[in-house]
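Structure first, then comments.
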Number of protein chains: 2
Amino acid sequence: MTDIPASDARARYERIYATLRKRICLLDYPPGRRLREEDLAEEFHTSRTPIRRVLARLEDEGLLWSVHGVGTIVTDIDIEELSQVYRLRIELAELIGKLMPVPPDQAMLNELFEMEARCAELASRLDAREFARLNMDFFQLILRLTANEPLRDISERLYFQTTRIWLKTASRFDHYRDMLRLEVESFQREMRDVMLAIESADLSAVGHVRRAHLTTSFSRLLAEARSDKKADIN
Amino acid sequence: MTDIPASDARARYERIYATLRKRICLLDYPPGRRLREEDLAEEFHTSRTPIRRVLARLEDEGLLWSVHGVGTIVTDIDIEELSQVYRLRIELAELIGKLMPVPPDQAMLNELFEMEARCAELASRLDAREFARLNMDFFQLILRLTANEPLRDISERLYFQTTRIWLKTASRFDHYRDMLRLEVESFQREMRDVMLAIESADLSAVGHVRRAHLTTSFSRLLAEARSDKKADIN
DNA sequence: ACTTTCGCAGTTGTATACAAATTGGTGAGC
DNA sequence: GCTCACCAATTTGTATACAACTGCGAAAGT
């Protein structure tokens with residue numbers, strides 16, 4: 001059996017999809033932003049047709065919303081609506097260590113060490129966008145701890161549905177930097193706890209650790225958002 | 001706020017999608033079957049363009065596989081590969097009763113009674129295709145027991161990824177009718193247990209019941225499939 | 001007889017012209 | 001000055017012509 005031809009059409013499709021998804025989740029395209037198919041077609045040196053396939057998928061996943069005659073708009077996100085996605089993510093986090101766990105190899109451990117270094121550097125510099133990127137990379141590394149592919153796909157999908165909310169919420173606050181510091185510190189603890197669990201060769205413990213951190217991180221966010229909304233009303 | 005315009009383009013898209021998905025899962029389009037975009041376009045009185053959007057989604061979900069220059073082919077299914085999806089479905093079954101449970105209204109109970117009648121009738125007639133349809137309807141009713149929409153979406157998606165396997169596996173056996181009878185009886189018990197759990201107003205019990213039945217039903221299938229493979233080798 | 005090459009038929013992928021829908025503004029009417 | 005109707009610009013949705021690719025078979029060469 002030879003290599004799969006890799007069908008560069010499909011490869012390009014995946015590349016554009018990943019690119020746009022990342023832009024949306026890092027708020028390069030903030031909620032409400034209108035994307036023009038023709039602009040994207042020009043940027044990626046193609047026609048509207050392949051672009052439309054990418055946009056259709058992003059729409060199916062809830063990141064975009066196309067309206068005939070108007071445009072393709074980045075969806076807005078509301079923390080109350082997203083709380084359901086979080087509830088589910090919290091449950092799935094535990095499954096990652098339970099369903100077909102994959103002991104990490106040395107390459108993976110090395111990547112983890114690198115990330116820890118990036119995190120330490122981040123703790124002193126406090127760059128929100130860089131935090132979001134690190135968080136994303138860490139998540140995708142964690143996914144490699146399970147060989148259950150549907151679980152990986154679904155977890156990733158839900159991750160990208162929720163991850164924008166932190167950046168968006170925090171950017172509205174004046175104590176933005178305080179929130180970020182708190183979050184980076186919490187993330188640092190999560191990485192440390194995950195590494196300890198991995199070292200003790202207990203992947204289900206990784207699940208418990210991540211579940212706990214996801215829960216606290218979400219309720220912290222929820223509390224902030226609600227206090228903000230209350231302040232708006234008054 | 002008035003009614004959403006319902007954008008009949010999107011409604012048609014959803015309709016065609018649901019139609020083709022059902023055909024694939026009832027084996028009207030068996031694994032390996034080649035679909036021609038132009039035929040489908042003609043059947044649904046449209047052009048290839050909207051059809052291609054539907055096919056792209058079915059491909060993303062693993063039910064189809066498009067190859068440039070060859071055709072769009074219904075994917076084959078292998079029970080060993082699908083066991084991962086089953087593992088996940090088993091875990092999610094329990095969540096349906098746990099995350100935002102929705103007490104069933106009278107209309108839903110009536111539908112359940114109707115299904116029970118269909119099931120009883122089925123037990124005497126033994127029609128595999130009708131069994132698959134009833135199973136599908138029952139599953140979609142169960143989904144209404146949770147208001148957690150992402151959980152609903154994901155559970156549905158995984159259901160349609162796995163449901164063909166029973167029909168496909170069973171149809172290869174000469175004791176096909178025995179298998180079907182066994183399966184219908186098991187399904188009948190599942191419905192009864194679910195209704196008992198609902199009557200006692202304990203939706204998390206529904207989850208446990210369904211988890212248990214899904215587990216046994218899958219291992220039964222797995223055992224059959226493996227004994228068959230072994231017989232092939234000898 | 002076997003192998004290899006070439007070409008044709010058939011299908012999906014891409015580009016593009018056109019249709020349909022919405023928005024915003026402009027001007028007539030009051 | 002205000003309202004309403006209508007038109008034009010803009011953008012997504014659809015249809016279709018064409019390009020790219022694959023598989024198969026025929027035919028030529030050995």
Side-chain angles (χ1 to χ4, degrees), chain A residues 1-20 23-24 29-76, chain B residues 1-20 23-24 29-76:
Chain A
M1 177 114 43
T2 66
D3 272 315
I4 294 167
S7 170
D8 54 357
R10 194 154 319 183
R12 180 181 62 176
Y13 162 70
E14 294 289 347
R15 204 190 73 234
I16 299 177
Y17 167 75
T19 303
L20 294 187
R23 286 182 189 171
I24 293 170
Y29 297 151
R33 162 80 176 261
R34 241 180 52 206
L35 305 181
R36 282 180 15 90
E37 297 178 349
E38 211 147 347
D39 290 348
L40 294 172
E42 195 180 353
E43 175 184 350
F44 293 102
H45 303 97
T46 180
S47 75
R48 284 177 55 208
T49 308
I51 297 294
R52 281 179 62 74
R53 175 166 178 177
V54 173
L55 297 184
R57 175 158 170 199
L58 289 167
E59 187 179 349
D60 284 337
E61 297 186 350
L63 299 180
L64 292 179
W65 188 51
S66 286
V67 183
H68 190 178
V70 177
T72 303
I73 296 146
V74 177
T75 53
D76 201 355
Chain B
M1 178 111 47
T2 66
D3 271 312
I4 294 166
S7 170
D8 55 357
R10 194 154 317 184
R12 180 182 63 176
Y13 162 71
E14 293 289 346
R15 204 190 73 234
I16 298 178
Y17 166 75
T19 303
L20 294 187
R23 286 182 188 172
I24 293 170
Y29 297 151
R33 162 79 177 262
R34 239 179 54 205
L35 305 182
R36 283 180 15 90
E37 298 177 349
E38 211 147 346
D39 290 348
L40 293 172
E42 195 180 352
E43 176 184 347
F44 292 103
H45 303 98
T46 179
S47 75
R48 284 177 55 210
T49 308
I51 297 293
R52 281 180 61 75
R53 177 168 177 176
V54 173
L55 297 183
R57 177 160 170 198
L58 289 167
E59 186 178 350
D60 285 337
E61 298 186 350
L63 298 181
L64 291 179
W65 188 51
S66 286
V67 183
H68 190 179
V70 178
T72 304
I73 296 147
V74 177
T75 53
D76 201 355

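Chain letters run A, B, ... following the sequence lines, proteins first and then strands; every chain starts at 1.
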### Query
If every non-hydrogen atom of A/Asp60 is compared with every non-hydrogen atom of B/Arg53, which pair is closest and at what distance?
OD1-NH2, 4.0 Å
### Message
Just N and O in the side chain of A/Ser47: are any of them under 4.0 Å from OP1 or OP2 of C/dA15?
### Response
yes
### Message
Rounding to an integer number of Å, can you tell me how far B/Phe44 CZ sits from D/dT14 C1'?
### Response
17 Å
### Message
For the backbone of B/Ser66 and the side chain of B/Thr72, can you confirm whether one donor and one acceptor N or O come within less than 3.5 Å of each other?
### Response
no
### Query
Does a side-chain N-to-carboxylate-O contact under 4.0 Å join B/Arg10 and B/Glu14?
no
### A/Arg53 (side chain) and C/dG13 (base): donor-acceptor pair under 3.5 Å
no
### Task
Look at the side-chain N and O atoms of A/Thr46 and state whether any lies under 4.0 Å from the OP1 or OP2 oxygen of C/dA15.
yes
### Message
Under 4.0 Å, counting only non-hydrogen atoms across every strand here, what does B/Ile73 touch: a base, just sugar-phosphate, or nothing?
### Response
nothing
### Query
If you look at every strand shown and take non-hydrogen atoms under 4.0 Å, does A/Arg34 touch a base, only sugar-phosphate, or nothing?
sugar-phosphate
### Query
Just checking A/Ile51: base, sugar-phosphate only, or nothing, at a heavy-atom cut-off of under 4.0 Å?
nothing
### Query
Quick one: B/Glu38 CD to D/dA15 C1', roughly how many Å, whole number?
11 Å
### Query
In whole angstrom, what separates A/Arg12's CZ from C/dG13's C1'?
9 Å
### Sugar-phosphate only, base, or nothing, as touched by B/Arg48 at under 4.0 Å among non-hydrogen atoms
base
### Query
D/dG23, D/dT14, C/dG13: which one has an atom nearest the side-chain heavy atoms of B/Ala9?
D/dT14
### Message
Just N and O in the side chain of B/Thr49: are any of them under 4.0 Å from OP1 or OP2 of D/dA15?
### Response
no
### Query
Does atom CD of A/Glu43 have more than 12 heavy-atom neighbours, drawn from other residues, nucleotides or ligands, at distances under 6.0 Å?
yes
## Note on the structure
A/Ile16 atom CD1 is separated from C/dG13 atom P, nearest whole Å, by 15 Å
### Query
Would you say B/Arg36 reaches C/dT12's phosphate, i.e. side-chain N/O to OP1/OP2 under 4.0 Å?
no
### Task
Mind calculating the distance between NE2 (B/His68) and C1' (C/dT12) to the nearest angstrom?
5 Å
### Query
How close or far is atom P of D/dT12 from atom CZ of B/Arg10, stated in whole angstroms?
13 Å
#### Entry: Nearest-angstrom distance from the residue atom CG of A/Leu35 to P of D/dT11
12 Å
#### Entry: Name of the residue among A/Val74, A/Ile73, A/Leu64, A/Ile24 meeting side chain to side chain contact (heavy atoms under 4.5 Å, CB included) with A/Arg33
A/Val74
#### Entry: Between P of C/dT11 and CG of B/Asp39, the distance in whole Å
8 Å
